[in-house]
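Here's the structure we're looking at; comments come further down.
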Amino acid sequence: MSTGRAVADDGGSGLAGFRRNVWWGLAGTVACVLGFAVGDWVLDPDVPAGLRALTGLSTAATIVACGALLGRRMRDRAPSAGWLVTAGCAAVVAGAVPLAVGNFGIWSIAPAATIAVLVMFLPARRAWQVLGAALVVLPAIGLVVALATGEPNVAHAVWMPALMVVAFGPAMLGMLRGWQVAARLDDARRLAGQLAVADERLRFAADLHDIQGHHLQVIALKSELAARLAEADPARAAAQMREVQQLAGDALRETRALVQGYRRTTLDAEIANASKVLAAAGVEVRADVDAGLAAALPDAPRSLLGLVVREATTNVLRHSRATRAAIVLVPDDDGARLVIDNDGARPVVVAAGDGTGLASLAERLDAVGGRLSWVSDEDRFVVTATVAG
C-alpha cells in the first residue's frame with residue numbers, strides 16, 4: 001500500500017502539511033481512544049495499584065510506539081523492528097491485564113489499535129485478510145476467557161473486541177488511502193507541468209530540425225559534388241560552392257528567424273501559453289490583461305515583457321508548488337505594468353548572465369527604460385515589470 005515515493009519535502013505544495021494532518025488524525029485517534037477508555041480504569045482506586053501502573057505504562061508505550069510506526073508509514077519507510085516489538089509487547093500487556101481481572105470492555109482496545117497500525121504496512125489485500133483474522137481471533141479470546149471465568153455477560157465479551165477491530169481497521173486504512181491518493185495526484189500535477197514544458201521544447205526542436213535538416217542535406221550533397229569537380233571543372237566547382245555559401249546563409253537567416261520568433265512571441269501569446277501550461281500543472285490561473293495595451297506597446301518592451309512572463313512561468317513550475325497564480329497587465333503612467341503573483345513559493349535562484357534569468361531580464365528592461373523587481377513574502381512570490389509606452 002505504498003504511494004511509490006517518500007514525500008520528505010514537498011517544497012510548499014501543502015502535501016507535507018496534509019501528511020502531518022493525516023498523521024495527527026491517525027495517532028490522535030489511537031491516543032484519544034486508548035487514553036479515555038483506559039484512563040478511567042487506571043485511575044479507579046478500587047483496582048490494585050500495581051495493575052493500574054502496569055496497564056497505564058503499557059498503554060502509554062502502545063500509544064508512543066503506534067505514533068512512531070505511523071510516522072514511518074506516512075513517509076513510506078519500513079517499520080522499525082524496535083518499535084514493532086515495543087508496540088506488540090505493550091499492546092499484549094495492556095490487553096492481558098484488564099482481561100485477567102475480568103474487564104471485558106477495555107482489554108481489546110490496545111490490541112485492536114495496534115493491529116490496525118501494523119496492517120498499514122501490508123499490501124491492501126493482505127491487510128484486509130489480517131483484519132478479518134483479528135475479527136475472529138479477538139472475539140474468540142474474549143469468549144474463551146468469559147466462559148472460563150464464569151462471566152455472565154458473554155455477549156459483551158464477544159462483540160466488544162469485534163467492534164474495536166471494525167472501528168480501528170477500516171477507519172485508519174481509509175485515512176491512509178486518502179493520503180496515498182493525494183500523493184499520487186501531486187505526482188500527476190508535477191508530471192503535467194513537466195509534460196507541458198517538454199511539449200513546447202519538442203515543438204521548437206521539430207521546427208529547428210525541419211529548417212536545419214533540409215539545408216544541411218543539400219549543403220552536404222553540393223559540397224561533395226564540388227569536391228569531385230574541383231580538379232576536372234574548377235568553374236563548376238566554384239559555382240557549387242557559391243550555392244553552398246548561399247544555402248548556409250539561408251539556413252542561418254531562417255534559424256535566426258525561428259529563434260527570434262520563439263523568443264519574441266507576442267505578449268498575448270506568451271500569457272495564453274503561460275496560462276495553459278500552469279493550468280496543466282494544476283495551478284488555478286487568473287489572467288487580467290488589457291489586450292489593447294499589449295498591442296500598443298513598442299516591439300522591444302513588448303518582447304521583454306513576454307520573456308518576463310516566460311521566465312516567471314518557468315520559476316513557478318520549477319521553484320514552487322503553486323496552487324494559484326495571477327497574471328495582470330495594466331496601464332502604468334505612460335507605459336504598462338505586468339504583475340505575476342503565485343503562492344507556494346520556494347527561494348528562487350536569481351542568476352545573472354544567462355540572458356533569461358530575472359537578474360538578466362532586469363538589466364535588459366533597465367536598458368529600455370523599464371524596471372523589473374521581485375519579492376518573496378512567506379509563500380508568495382511576486383514579479384513586477386514596468387515598461388514605457
Side-chain angles (χ1 to χ4, degrees), residues 24-67 69-70 73 83-122 124 126-177:
W24 276 110
L26 292 168
T29 299
V30 174
C32 289
V33 174
L34 284 175
F36 282 114
V38 181
D40 287 341
W41 190 75
V42 170
L43 297 176
D44 187 352
D46 295 333
V47 179
L51 295 181
R52 287 191 289 150
L54 183 59
T55 304
L57 290 174
S58 59
T59 300
T62 301
I63 293 172
V64 172
C66 286
L69 289 170
L70 287 169
R73 182 61 189 88
W83 286 120
L84 283 175
V85 173
T86 301
C89 294
V92 168
V93 174
V97 174
L99 184 61
V101 297
N103 191 323
F104 292 94
I106 67 170
W107 80 269
S108 60
I109 299 178
T114 304
I115 291 172
V117 171
L118 296 181
V119 299
M120 296 173 73
F121 290 93
L122 300 176
R126 183 67 60 82
W128 288 107
Q129 289 174 346
V130 172
L131 287 178
L135 193 58
V136 173
V137 173
L138 291 184
I141 293 174
L143 175 62
V144 170
V145 174
L147 293 175
T149 58
E151 168 65 27
N153 193 354
V154 176
H156 180 262
V158 175
W159 68 256
M160 189 63 183
L163 177 63
M164 289 299 99
V165 174
V166 172
F168 276 111
M172 298 184 74
L173 289 178
M175 293 178 70
L176 175 65
R177 178 61 178 170

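Because the structure is predicted, anything quoted here is derived from the model rather than measured.
At a threshold of 4.5 Å between non-hydrogen side-chain atoms, the residues Cys89 and Val85 count as touching. A heavy-atom distance below 4.5 Å is found between the side chains of Pro170 and Trp128. Side-chain contact check for Asn153 versus Phe104: every heavy-atom pair is 4.5 Å or farther apart. At a threshold of 4.5 Å between non-hydrogen side-chain atoms, the residues Leu57 and Val93 do not count as touching. Contact check for Met172 versus Val30: side-chain heavy atoms found under the 4.5 Å cut-off. The shortest side-chain heavy-atom distance between Leu69 and Leu118 falls under the 4.5 Å cut-off. For the pair Trp107 and Val97, the minimum side-chain heavy-atom distance is 4.5 Å or more. Between Val64 and Trp83 there is a side-chain heavy-atom pair separated by less than 4.5 Å.
Between atom CZ of residue Phe121 and atom CG of residue Leu176 there is a gap of 9.5 Å, rounded to the nearest 0.5 Å. Here the SG-CG distance, from Cys66 to Leu34, works out to 7.5 Å after rounding to the nearest 0.5 Å. Here the CD1-CG distance, from Ile115 to Leu138, works out to 4.5 Å after rounding to the nearest 0.5 Å. The distance from the CD1 atom of Ile109 to the OG1 atom of Thr59 is 9.0 Å, given to the nearest 0.5 Å. Considering CG of Leu70 and CH2 of Trp24, their distance stands at 12.0 Å, rounded to 0.5 Å. Rounding to the nearest 0.5 angstrom, the gap separating the CG atom in Leu135 from the CE atom in Met164 is 12.0 Å.
Considering every non-hydrogen atom in both Ala37 and Ile106, the closest pair reads O-CG2, 3.6 Å. Between Val119 and Ala116, the shortest heavy-atom distance links the atoms CG2-O, 3.2 Å. Residue Ala91 comes nearest to Pro111 through the heavy atom pair O-CG, 3.7 Å, listed as atom of the first residue, atom of the second, then distance. Heavy-atom minimum distance, Ile63 versus Ala31: CG2-CB, 3.7 Å. Scanning all heavy atoms of the two residues, the minimum distance from Pro139 to Ala134 falls at CD-O, 3.6 Å. Residues Ala27 and Gly67 share a closest heavy-atom pair of CB-CA, 4.4 Å.
Heavy atoms of other residues, nucleotides or ligands lying less than 6.0 angstrom from CH2 of Trp159 number more than 12.
The backbone N or O of Arg52 lies less than 3.5 Å from no partner atom in the side chain of Thr55, so there is not a single donor-acceptor pair. In this structure, the side chain of Arg73 engages the main chain of Met120 through a donor-acceptor pair within 3.5 Å.
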* Step by step, work out the side-chain contact (heavy atoms from CB on, under 4.5 Å) result for Phe168 and Thr29. => CA-CA 9 Å; Phe168 276 111; Thr29 299; 4.2 Å; yes
* Would you please test Leu99 and Ile141 for side-chain contact (heavy atoms from CB on, under 4.5 Å) and show each step? => CA-CA 10 Å; Leu99 184 61; Ile141 293 174; 3.9 Å; yes
